[in-house]
Amino acid sequence: MIFTFFDLRRKEAENLKEKLKEKIHESVQSVLPITVIVLILHLTIAPMEMGTLRMFALGAVMLVVGMGLFTLGADMAMMPMGELTGAHLTKSRRLLLLTVTCFIMGFIITVAEPDLQVLADQVPAVPDLTLILAVALGVGAFLVVAILRIVFQKKLNALLIVFYVVLFILAAFTSRDFLPVAFDSGGVTTGPITVPFIMALGVGVATVRGGKNVGEDSFGLVALCSIGPILAVLVLGMFFDPTSGAYAAEIMPHAQDGWQLMSMFGHGLIEYAGEVGLALSPIVAFFIVFQLLFLKLPVRRLLKLLVGLVYTIVGLVLFLTGVNVGFMPAGNYIGQVIGGLEFNWILIPIGMIIGYYIVSAEPAVHVLNTQVEEMTDGAITRRAMMYTLSIGMAVSVGLAMTRVLTGISIWYLLVPGYALALGLSFFVPPVFTAVAFDSGGVASGPMTATFLLPFAMGACQAVGGNILTDAFGIVAMVAMTPLIAVQIMGLVYTIRQKRQPAAIDQPTEEDSEIIEL
């Protein structure tokens, strides 16, 4: 009996080791392309200082290890915790308990989201605490809406149309200076910490609720939760004067020597360890309460969740330190250099190439793609999702760089973009619409905020543009284009499905000969 126990433990350890190797290998494939692109730019048109290059190289290594640990931890802990919580809340059949719990969870998790503090610093006209509380209220309220949609099985595209119509009406009465930051907030607040748990929560609720549309109902939570922050910031824009504060561009640090390099990354590790711990603590606290009162999982299952949680924390700390300390200065510097060239139009194609490859370095994207493949029984594969999101990201960064060079208002891109996205929802299977609007929030993660946004800010500063109106908004572009790209994939899928029966029914030449015989 004892030997059997140790054999099982040994097999579990070996399986875990193999899974970690697989995740690290995937991380290398994801991070390597953007690393190579930056090094090529360094060797050609945008040579970086040696200190900045060292920071970028070390940041890339931390990204690889961090992403591998995070995705493994999300599979082991974050996803099961979300599914178990959502399933129990639904089984209780207490609607009030479900709505109140979801609101509190959405509110607290959002307040603790590290990227929200970055967003608050970008809006000098609004007090930080006011903005954070307003955005958290928006996320909490729309998480309740998303859960109730699953419970009562309401169509997602109908809700999206209603809320986006309200959103654009509010935008018409809000200062144009608030538009880029407002739409950026929708992507920033759905970061790698909250996305796995929220998505798994939807899976748990949809699975227990049952019905013929379980796969479709499992998605859409991130889509609706992304609307709340936008509405919150637009409402604040109606009461605050955008000219009452001045935006001060952040000075990007660079390491002079090895000791300073280690010091900067050491401080980063401590800082982001605190932020990740604070951000995850509400999720862990809620799960502990559910475990003690309702779930009562066996000790062995809890230990597995604990190991997964440790992987998640360590992975996120390494990842966030790598992108914030290593990638942010490199992105800003390269943007400044290329923006200052006589042929700065090259920002558009370079930005599109960077956008195409950088989406694969977003940790939450891999979580989404895996869940999409599982919930659709392979009808939408991870590979198809990644190609589609990469194309969407390339277009979004190209549009963002066009805005940096021309100063065109984001209004002229968002209105037709969202109109097209909502229009496509009537012609594709509902699951593609749900996945598309979820992917918009997931794709606009920390890599966008810490590399693409500084890249746009550096370029905007070099061309003499307005950083608040021209550089900010790149997150909004990244969040918008996947809505169109994934639904176009759904449209192609629908057309192929319609043609397939016709192709089967139509006899071939060999069939005709057999019929004649």
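By convention here, the first residue in the shown sequence is residue 1.
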Trainee: Does the side chain of Pro482 reach to within under 4.5 Å of the side chain of Met393, using non-hydrogen atoms?
Mentor: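 Side-chain contact under 4.5 Å: no.
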Trainee: Given side-chain contact (heavy atoms from CB on, under 4.5 Å), test Thr35 with Phe56 step by step and report yes or no.
Mentor: CA-CA 8 Å; Thr35 305; Phe56 175 80; 3.8 Å; yes
Trainee: Counting distance only, does the side-chain N/O of Asp470 pair as donor-acceptor with the main-chain N or O of Gly465 below 3.5 Å?
Mentor: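 No; judged by distance alone, with no hydrogens or angles, the pair does not exist.
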Trainee: With rounding to the nearest 0.5 Å, note down the distance linking CG in Leu72 to CE in Met67.
Mentor: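 If I round to the nearest 0.5 Å, the distance is 13.5 Å.
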Trainee: Any side-chain to backbone donor/acceptor pair from Ser444 onto Gly441? Under 3.5 Å, distance only.
Mentor: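 A pair under 3.5 Å: yes.
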Trainee: Output the distance between atom CD1 (Ile474) and atom CG (Leu452), rounded to the nearest 0.5 Å.
Mentor: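 Rounded to the nearest 0.5 Å, the CD1-CG separation comes out at 4.5 Å.
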Trainee: Below 4.5 Å, heavy atoms only, C-beta onward: do Leu16 and Met76 meet side chain to side chain?
Mentor: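 Yes - at least one pair of side-chain heavy atoms lies under 4.5 Å apart.
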Trainee: Verify, without hydrogens or angle tests, whether Ser263 (side chain) and Trp259 (backbone) share a donor-acceptor contact under 3.5 angstrom.
Mentor: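 Judged by distance alone, no pair lies under 3.5 Å.
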Trainee: Run the ring-centre check on Phe70 versus Phe319 and record whether the distance is less than 6.0 Å.
Mentor: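 Not under 6.0 Å, so no.
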Trainee: Strictly distance-based, threshold 3.5 Å: is any side-chain N or O of Asp438 a donor or acceptor partner for the main-chain N or O of Phe219?
Mentor: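 Side chain of Asp438 to backbone of Phe219, a donor-acceptor pair under 3.5 Å: no, none is there.
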Trainee: Under a 3.5 Å distance rule, please check whether Asn324 uses its side chain to pair with a backbone N or O of Leu320 as donor and acceptor.
Mentor: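 Checked: pair present.
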Trainee: Is there side-chain contact between Phe437 and Val486, with heavy atoms separated by less than 4.5 Å?
Mentor: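 A side-chain contact under 4.5 Å is absent here.
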Trainee: Would a distance-only check, ignoring hydrogens and angles, find a side-chain to backbone donor-acceptor pair under 3.5 Å from Ser360 to Ser30?
Mentor: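 Indeed, once roles are kept as given, a pair shorter than 3.5 Å links the two residues.
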Trainee: Quick test of your reading: applying side chain to side chain donor-acceptor pair (under 3.5 Å), list the pairs with at least one residue in residues 378-406, sequence neighbours left out, ordered by first then second residue.
Mentor: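 Counting only pairs at least two positions apart or across chains, the side chain to side chain donor-acceptor pair (under 3.5 Å) contacts touching residues 378-406 are Glu373-Arg382.
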Trainee: Please check: side-chain N/O of Gln487 versus main-chain N/O of Thr433, any donor-acceptor pairing under 3.5 Å?
Mentor: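 Pair absent, no side-chain N/O of Gln487 close to backbone of Thr433.
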Trainee: Looking only at heavy atoms, what is the nearest atom pair of Val323 and Thr450, with distance?
Mentor: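 That would be CB-OG1, 3.3 Å.
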Trainee: Would a 4.5 Å heavy-atom cut-off, applied to side chains only, mark Val314 and Val65 as touching?
Mentor: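 Contact flag for Val314/Val65 side chains = no.
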Trainee: Shortest non-hydrogen contact from Trp411 to Pro416?
Mentor: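 So the two residues come closest at O-CD, 4.2 Å.
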Trainee: Please give me the minimum heavy-atom distance between Ala74 and Val367, naming the atom from each residue.
Mentor: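 Where Ala74 meets Val367 most closely, the heavy atoms are CB-CG2, 4.1 Å.
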Trainee: So which atom in Ile334 and which in Ala46 form the shortest heavy-atom distance, rounded to 0.1 Å?
Mentor: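 Distance-wise, the nearest heavy atoms are CG2-CB, 4.3 Å.
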Trainee: CE/Met81 to CG/Leu280 distance, rounded to the nearest 0.5 angstrom?
Mentor: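 The distance works out to 8.0 Å.
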Trainee: Measure the CG-CG distance between Leu167 and Leu231 for me, rounded to the nearest 0.5 Å.
Mentor: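 Result: 4.5 Å between the selected atoms.
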Trainee: At what distance, to the nearest 0.5 angstrom, does CD1 of Ile283 lie from OG1 of Thr85?
Mentor: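 Nearest 0.5 Å value for the CD1-OG1 distance: 9.5 Å.
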Trainee: Given side chains that start at C-beta, do those of Asn332 and Phe455 come closer than 4.5 Å, heavy atoms only?
Mentor: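 No, side chains not in contact.
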Trainee: Are Glu271 and Val317 close enough, and set up right, to give a side-chain contact (heavy atoms from CB on, under 4.5 Å), and what steps lead you there?
Mentor: CA-CA 9 Å; Glu271 177 185 352; Val317 171; over 6 Å; no
Trainee: Please collect all salt bridge (Lys or Arg N to Asp or Glu O under 4.0 Å) contacts where either partner lies in residues 331-347, sequence neighbours excluded, each pair once.
Mentor: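 Not a single pair qualifies under salt bridge (Lys or Arg N to Asp or Glu O under 4.0 Å).
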Trainee: Is there side-chain contact between Leu69 and Leu20, with at least one heavy-atom pair below 4.5 Å?
Mentor: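 When only atoms from C-beta onward are counted, Leu20 and Leu69 do touch, with a gap below 4.5 Å.
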Trainee: Within this structure, what is the OH-CG distance for the pair Tyr164 and Leu414, rounded to the nearest 0.5 Å?
Mentor: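 The distance works out to 10.0 Å.
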Trainee: Given Met375 and Val203, is the side-chain contact (heavy atoms from CB on, under 4.5 Å) satisfied, shown in steps?
Mentor: CA-CA 9 Å; Met375 295 305 298; Val203 172; 4.2 Å; yes
Trainee: Side chains of Leu160 and Ile227: closer than 4.5 Å at any heavy-atom pair?
Mentor: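 With C-beta onward as the side chain, the pair touches.
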Trainee: Answer yes or no: is there a side-chain heavy-atom contact under 4.5 Å between Phe183 and Met477?
Mentor: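 They are not in contact (no side-chain heavy atoms under 4.5 Å apart), so the answer is no.
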Trainee: Hey, are Ser27 and His366 close enough side-chain-wise for a donor-acceptor pair under 3.5 Å?
Mentor: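 On atom types as modelled, these side chains do not qualify, holding no pair under 3.5 Å.
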Trainee: Show the numbers, then the answer: is there a side-chain contact (heavy atoms from CB on, under 4.5 Å) between Leu420 and Leu424?
Mentor: CA-CA 6 Å; Leu420 177 58; Leu424 284 170; 4.3 Å; yes
Trainee: Does Gln461 reach the main-chain N or O of Gln336 with its side chain, forming a donor-acceptor pair under 3.5 Å?
Mentor: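 Between the backbone of Gln336 and the side chain of Gln461 there is no qualifying donor-acceptor contact (under 3.5 Å).
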Trainee: Using only atom types and a distance under 3.5 Å, with no angle test, would you say the side chain of His42 pairs donor to acceptor with the backbone of Pro47?
Mentor: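 No: the side chain of His42 does not pair with the backbone of Pro47.
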Trainee: Check Tyr357 against Ile34 and note the closest heavy-atom contact, atom names and distance.
Mentor: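 For Tyr357 versus Ile34, the nearest heavy atoms are CB-N, 4.4 Å.
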Trainee: Filter on side chain to side chain donor-acceptor pair (under 3.5 Å), then keep only pairs touching residues 54-76, sequence neighbours left out; what's left?
Mentor: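 Residue pairs with at least one partner in residues 54-76: Lys23-Asp75.
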Trainee: Examine distances only and state if a side-chain atom of Thr376 and a backbone atom of Ile380 form a donor-acceptor pair shorter than 3.5 Å.
Mentor: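 Confirmed, Thr376 side chain pairs with Ile380 backbone.
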Trainee: Please find the pair of heavy atoms, one from Pro446 and one from Glu362, that lie closest to each other, and give the distance.
Mentor: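 Scanning both residues completely, I find the closest heavy atoms to be CD-OE1, 3.2 Å.
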